[in-house]
Amino acid sequence: PRQLYGTRSDFEPGDDAVLPLGKAEFIAAGTDVTLVGLGSTVPTIGEAMEGSRWSADAIDLLTIVPWDSEAVLDSVSRTGRLVIVEEGPEQGGWGADVAATVASKAFDSLKAPIVRMTTPDVPIAFSQSLEERFLPSATDVAHAVDELVFSGRCVSPWWEREGLVT
């Protein structure tokens, strides 16, 4: 993930540093909505949950090939709502696969439309301030979840609301 390129942390290589493929990690348990993220979007999800009026199952997929469809499907069957937060463009993102799987295998569990929080389908600038503007923010995620949980509506992407990209 682009936002993580400049971040570093020390770690000891060993058995704990190896992630099991296809096994997601639950970072929070809730009842109103399932939030799914990967990489740099996981802290965004955590920040969006702070002070919210809803509770969320927050899932870090950890890997996308394979991804833990069982964890996501089980969570959506309990919450009835799904918000996927990606840092990539809307078209062709990994969240489309997650959304398609949930729509085909857990459609009857859904209480509201599936929401994908992505970047617009345009090249993202290298400038950090411009890049941050394009990536889903915690405020954007919280607003989308509020709309989904309390009105059952899916909000338009920020770039459509602001008339930047149609």
Side-chain angles (χ1 to χ4, degrees), residues 1-4 18-49 52-124 134-161 164-166:
R2 288 182 293 271
Q3 276 193 318
L4 297 180
V18 178
L19 295 176
L21 294 177
K23 197 71 181 149
E25 180 179 310
F26 277 80
I27 55 176
T31 58
D32 296 318
V33 63
T34 299
L35 301 176
V36 176
L38 175 75
S40 67
T41 64
V42 174
T44 303
I45 287 171
E47 190 178 332
M49 292 170 36
S52 64
R53 298 179 297 152
W54 36 264
S55 68
D57 263 2
I59 300 173
D60 180 352
L61 285 184
L62 297 175
T63 64
I64 53 173
V65 179
W67 64 276
D68 193 348
S69 59
E70 185 177 316
V72 174
L73 291 168
D74 287 348
S75 176
V76 170
S77 71
R78 286 191 316 276
T79 66
R81 297 176 188 90
L82 174 63
V83 176
I84 303 161
V85 184
E86 308 170 62
E87 75 163 9
E90 184 176 40
Q91 204 170 46
W94 58 264
D97 193 43
V98 173
T101 299
V102 171
S104 66
K105 294 186 177 179
F107 184 79
D108 291 340
S109 297
L110 293 172
K111 300 175 188 174
I114 296 170
V115 174
R116 287 181 61 216
M117 305 286 302
T118 66
T119 62
D121 291 322
V122 298
I124 297 178
F134 271 69
L135 296 172
S137 70
T139 303
D140 294 334
V141 173
H143 173 68
V145 175
D146 283 347
E147 283 294 312
L148 190 68
V149 169
F150 299 117
S151 71
R153 291 191 312 254
C154 179
V155 297
S156 299
W158 67 264
W159 61 87
E160 286 180 9
R161 290 192 311 268
L164 298 176
V165 180
T166 56

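Any value given below was found using the heavy atoms of this structure, including those in side chains, with hydrogens, waters and symmetry copies removed.
To the nearest 0.5 Å, the span separating CD1 on I59 from CG on L38 amounts to 12.5 Å. To the nearest 0.5 Å, the span separating CG on L21 from CG on L62 amounts to 10.0 Å. Taken to the nearest 0.5 Å, the OG atom of S137 stands 10.5 Å off from the NE2 atom of H143.
For S151, the side-chain hydrogen bond (donor to acceptor under 3.5 Å, both in side chains) partners two or more places apart in sequence, or in a different chain, are E147. For A29, the side-chain contact (heavy atoms from CB on, under 4.5 Å) partners are D57, not counting sequence neighbours. With sequence neighbours left out, S69 forms a side-chain hydrogen bond (donor to acceptor under 3.5 Å, both in side chains) with no residue at all. Looking at residues two or more places apart in sequence or on another chain, you find a ring-ring contact (aromatic ring centres under 6.0 Å, His included) between W158 and F134. Listed by chain and number, the residues in a side-chain hydrogen bond (donor to acceptor under 3.5 Å, both in side chains) with D146 are W54 (sequence neighbours excluded). Listed by chain and residue number, nothing satisfies the side-chain contact (heavy atoms from CB on, under 4.5 Å) test with P43 (two or more places apart in sequence, or in another chain). Residues that satisfy the side-chain contact (heavy atoms from CB on, under 4.5 Å) test with A58, not counting sequence neighbours, are I27, A28, I45, M49. By the side-chain contact (heavy atoms from CB on, under 4.5 Å) test, A138 is found to be paired with T44, E47, A48, residues two or more places apart in sequence or in another chain being considered.
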Side-chain donor-acceptor contacts of residues 88-103 below 3.5 Å, not counting sequence neighbours, with atom names and distances?
| residue | atom | partner | partner atom | Å |
| --- | --- | --- | --- | --- |
| D97 | OD2 | W67 | NE1 | 3.0 |
| T101 | OG1 | D97 | O | 2.9 |

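Nearest heavy-atom pair across L148 and P113 is CD1-O, 3.4 Å. In plain terms, the two heavy atoms of D74 and S77 that are nearest each other are O-OG, 2.6 Å. Heavy atoms only, all atoms of each residue included: T119 and E87 are closest at CG2-O, 3.2 Å. The minimum heavy-atom distance linking L82 with V33 is given by the pair N-CG2, 4.4 Å. For A144 against V115, the heavy-atom pair with the smallest separation is CB-CG1, 4.5 Å.
Here the side chain of T41 pairs a donor or acceptor atom with the backbone of V85 at under 3.5 angstrom.
Residue pairs satisfying the side-chain hydrogen bond (donor to acceptor under 3.5 Å, both in side chains) criterion with at least one member in residues 20-39, sequence neighbours excluded, are listed as follows: T31-S55, T34-S75, T34-T79.
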